[in-house]
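I have placed the structure first, in the form of structure tokens, so that the comments after it can refer back to it.
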Amino acid sequence: DGHYQNKTTVVQWITTALVVIMFAILLVLIAVTSATYYRVDNQKLVSTTVYTYDSLGLPGFESYSWDDIVSQANGQTLNFWTYDDDVVVVANGSSVGVLVKGAYDAWIDDWLTPQLSTIYGITVNRVPINQTSQAVNKVIFEVNKGFGLSNGSVDM
């Protein structure tokens, strides 16, 4: 009888402990849920948000909305100076090579260019270069000659 009574006492303690732990977890879940709903219900949502990025260093463009940018981009040409990954494949013994478009150039020409044209009305002019320094030197030259944001030849 004493052995049976000890087992019953242990089971009662374990059951009580589990009930207390489950109740504590339930209280934590209710508190977290309540706090979350409170924050969501009390948010002040603005219908139109304009982001400003002073760190871009583009005076005069800080207050532009996305709609402003899209409308001004329509009909423009983007000079995209990029590494040329085309390769010339020459068959054994042949003196004539075949130009094979690289994957990056194919992505620009076959996907990006049509997307920008269709969605935003932008023409992409891919300018193939062999070294990044070519584009950097061109920008430095144009800045030294007084070119501005609207009349430089390297857009990207």
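Quick note: residue numbers are just sequence positions, from 1. Below, all heavy atoms of this structure are taken into account, side chains as well, without hydrogens, waters or symmetry copies.
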Within this structure, what is the CG-OG1 distance for the pair Asn137 and Thr132, rounded to the nearest 0.5 Å? 10.5 Å
Would you list the pairs meeting salt bridge (Lys or Arg N to Asp or Glu O under 4.0 Å) in which at least one residue belongs to residues 70-80, sequence neighbours left out? none
First locate atom CG of Leu78, then atom CG of Leu116, and finally report the distance between them rounded to the nearest 0.5 Å. 7.0 Å
Can you name the side chain to side chain contact (heavy atoms under 4.5 Å, CB included) partners of Pro128, sequence neighbours left out? Asp84, Arg126
Apply side chain to side chain contact (heavy atoms under 4.5 Å, CB included) to Thr118 and list each qualifying residue two or more places apart in sequence or on a separate chain. none
List the residues meeting side chain to side chain contact (heavy atoms under 4.5 Å, CB included) with Ala73, not counting sequence neighbours, and say none if there are none. Ile122
Contacts of Ser153 that satisfy side-chain hydrogen bond (donor to acceptor under 3.5 Å, both in side chains) - sequence neighbours left out: Glu142
Say you draw a straight line from CG of Asp105 to CG of Leu112; how long is it, rounded to the nearest 0.5 Å? 12.0 Å
Pairs flagged by salt bridge (Lys or Arg N to Asp or Glu O under 4.0 Å) wherever residues 11-23 is involved - sequence neighbours left out: none
Can you see which heavy atom on Thr113 is nearest to which on Val124, and at what distance? OG1-CB, 3.5 Å
To which residues is Val127 joined in a hydrophobic cluster, defined by side-chain heavy-atom contacts under 4.5 Å among Ile, Leu, Val, Met, Phe, Trp and Tyr, whether direct or through other members? Trp81, Ile129, Val139, Val143, Val154
What distance separates Asp109 CG from Phe80 CZ, expressed to the nearest 0.5 Å? 10.0 Å
Contacts satisfying ring-ring contact (aromatic ring centres under 6.0 Å, His included) that involve residues 107-153 (not counting sequence neighbours) are Trp107-Trp111
Could you note down all residue pairs passing salt bridge (Lys or Arg N to Asp or Glu O under 4.0 Å) where residues 21-31 supplies at least one of them, sequence neighbours left out? none
So which residues get pulled into Ile140's cluster when ILVMFWY side chains under 4.5 Å apart are joined, directly or through others? Val136
Indicate every side-chain donor-acceptor pair of residues 13-25 with a distance under 3.5 Å to a residue at least two apart or in another chain.
| from | atom 1 | to | atom 2 | distance (Å) |
| --- | --- | --- | --- | --- |
| Thr15 | OG1 | Val11 | O | 2.7 |
| Thr16 | OG1 | Gln12 | O | 2.7 |

Pairs involving residues 12-24, ordered by first then second residue, that meet salt bridge (Lys or Arg N to Asp or Glu O under 4.0 Å) (sequence neighbours left out): none
Please answer whether the main-chain N or O of Thr123 pairs with a side-chain N or O of Ser117 as donor and acceptor at a distance below 3.5 Å. no
